[in-house]
Amino acid sequence: MAPDIEHMENVGELEKMLEVETVFEERKRIRARLRELRKKTKDITEQPTITDRERRRQKRQETNIKNTDDKNNNINEQESTKKEPTTIKPSTPIDNKPSLSTPSTPVDNKPPLSTPSTPVDNKPPLSPNNNSTAITKEKPETKVIKVNKDDEKSVVTDDGNTKTTTNIKTVEKNGVQSVTKSITSKSAGPCGFSYSKKSTTVSSSSSSSSSSKVPESQPLTSRKMSKFDEELAKKKKEREEKRAEEAVKWKEQQAARNKKLQEQRRADQAAAKNKKANIMQMFGGKVQAGASSAGPPRMMVQNANSIKAKLLDWCKRITSEYPNVKIENFSRSWNNGMAFCAVIHHFYPGAFNFDELDPKERRRNFDLAFTTAESLANIMPLLDTDDMIMMKDTPDWKCVFTYVQSLYRNLNGKPVSPV
């Protein structure tokens, strides 16, 4: 017979059964039973701890309540002791005054009144039909004593039970008025006399009308400053002066820097102008008309476009009579080498027969022009035949323009050679 898992209490047996059991439903029941048993064991273990904690908390609360009650009782006893009136025998006089003899019953342990019609402390007489007896209270006696030394003032107040002495002392130093108030109290109690003393000091600016002090109507800055304020003002003034000096110095440095930059700019402009004039003179700059013969010739400065146009006109002029040559630019007009041959043939007509040249033979034309210019005019071949062939119909105009400039510098103004 299979054991009833729900009623098993042994955790060890349940764990052994869980290791052996293979059916899922049975294993599920065993695990559920194990969880229940472990939870019960945990609750039993933790229960004493919770009870001890609660017990300690209750004990602390009871102790606090007891301490509070004791404290309140002590306070109530002290207050009742203070409020309890002092009993005075009828035969004992108060403040050295004769006792009043009256057969009536005393009220609040005070001596009886002798005659109801006699006023006490300037009060109206008591009515004979009034059963209650009035309570007499002496008027406080106040004495004011002025002492001229150090402007000290003393006020004494005595009401029979409490004697209060107030001393007021005024001291004025360096334009500052200091008032010190000291209060000393002496009071009678059931245990004897008690003393208390309190002192306060208040400082304020003096408002005397003497000629040596500054009146309050003047601004605060005109009054006498302390040493600390003077040091602060001095440091502030020094900072302002230093800042002003630095500002002036910075402005001077900026002006010098701007002046130096302007001079450098003018020098760069002059150098660029001279360089351009030298270039124009190298490539045929013209002297201005009417220039003085005594000084150096002044060149007409031309821009790059004018130089390019002038060089193109020079090429057109010297090659205008040659067939198959039409110069309009520095690119396509020079792609077959005929224009180079025409320029060289203009100055050296006996070097080769121009009529035998063919525009289709581009390599022959380039080699003939570059070789002849180098051998006869000592002009370096800045262009290469292979490069010109590779660029086909549109050679680089900058390369062509550079080589034509070299031809112009070496051949312009040179007489025609028969060779």
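Everything quoted here is computed from the prediction, not taken from an experiment. Side chains included, hydrogens not; waters and symmetry mates left out as well; all remaining heavy atoms used.
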**OP:** Apply side-chain contact (heavy atoms from CB on, under 4.5 Å) to D387 and L383, showing your working.
**Re:** CA-CA 7 Å; D387 294 339; L383 294 177; over 6 Å; no
**OP:** Determine, stepwise, if the pair I379 / L411 fulfils side-chain contact (heavy atoms from CB on, under 4.5 Å).
**Re:** CA-CA 9 Å; I379 299 173; L411 300 178; 4.2 Å; yes
**OP:** Just do the side-chain contact (heavy atoms from CB on, under 4.5 Å) check on W314 and R317 with the steps written out, would you?
**Re:** CA-CA 5 Å; W314 176 78; R317 187 176 66 252; 3.1 Å; yes
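Shown here is N378, whose CG atom has no more than 12 heavy atoms of other residues, nucleotides or ligands within 6.0 Å.
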Please output the side-chain donor-acceptor pairs of residues 260-268 that fall under 3.5 Å, not counting sequence neighbours, one pair per line with the distance.
residue: Q264; atom: NE2; partner: D268; partner atom: OD1; Å: 3.3

Which pairs would a plain distance check flag for residues 389-402, meaning a side-chain donor or acceptor within less than 3.5 Å of a matching protein atom at least two apart in sequence or in another chain?
residue: D396; atom: OD1; partner: K398; partner atom: N; Å: 3.3
residue: T402; atom: OG1; partner: K398; partner atom: O; Å: 2.8

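Evaluation of the side-chain hydrogen bond (donor to acceptor under 3.5 Å, both in side chains) rule for N67 yields no partner, not counting sequence neighbours. Under the side-chain hydrogen bond (donor to acceptor under 3.5 Å, both in side chains) criterion, E356 pairs with N353, not counting sequence neighbours. Looking at residues two or more places apart in sequence or on another chain, you find a side chain to side chain contact (heavy atoms under 4.5 Å, CB included) between I65 and D69. Shown here are the side chain to side chain contact (heavy atoms under 4.5 Å, CB included) partners of L312, two or more places apart in sequence or in another chain: K316, I327, F330. With sequence neighbours excluded, the residues satisfying side-chain hydrogen bond (donor to acceptor under 3.5 Å, both in side chains) with Y322 are H345.
Counting only residues at least two apart or in different chains, side chain to side chain donor-acceptor pair (under 3.5 Å) contacts with residues 359-369 comprise E361-R364, R363-D386, D367-T385. Residue pairs meeting the salt bridge (charged side-chain N to carboxylate O under 4.0 Å, His left out) criterion with at least one partner in residues 320-346, sequence neighbours excluded, are K326-E328. Every pair passing side chain to side chain donor-acceptor pair (under 3.5 Å) that includes a residue from residues 228-248 is listed here, sequence neighbours excluded: S226-D229. Pairs of residues two or more places apart, or lying in two chains, that qualify as side chain to side chain donor-acceptor pair (under 3.5 Å) and include a residue from residues 333-342 are N329-S333. For residues 13-25, the salt bridge (charged side-chain N to carboxylate O under 4.0 Å, His left out) pairs, not counting sequence neighbours, are E15-R38.
Distance check, rounded to the nearest 0.5 Å: CG of L376 to CG of N410 gives 12.0 Å. We find the CD1-CG distance between I344 and L368 to be 9.0 Å, quoted to the nearest 0.5 Å. The NZ atom of K28 lies 13.0 Å from the CD1 atom of I5; values are rounded to the nearest 0.5 Å. With rounding to the nearest 0.5 Å, the separation of CD in E36 from CD in E6 is 8.0 Å. Note that the CD1 atom of I318 and the CZ atom of F347 stand 4.5 Å from one another [nearest 0.5 Å]. With rounding to the nearest 0.5 Å, the separation of CG in N324 from CG in L357 is 9.5 Å.
Here the closest non-hydrogen pair linking A373 and Y403 is CB-OH, 3.7 Å. Closest of all the heavy-atom pairs between A369 and F340 is CB-CB, 3.5 Å. Scanning all heavy atoms of the two residues, the minimum distance from A339 to V325 falls at CA-CG1, 4.1 Å. Pairing each heavy atom of F352 with each of C341, the nearest pair is CZ-O, 3.4 Å.
With hydrogens and angles ignored, the 3.5 Å screen pairs a side-chain donor or acceptor of R33 with a backbone N or O of M8.
No side-chain heavy atom of R31 sits under 4.5 Å from any side-chain heavy atom of L14. Annotation: side chain of H346 is not in contact with side chain of T319 (no heavy-atom distance under 4.5 Å).
Ring geometry, F370 versus F366: the interplanar angle falls under 30°, so the pair is classed parallel (tilted spans 30 to 60°).
Checking T63, D70, N64, T68 one by one against K66, the side-chain contact (heavy atoms from CB on, under 4.5 Å) holds for a single residue, D70.
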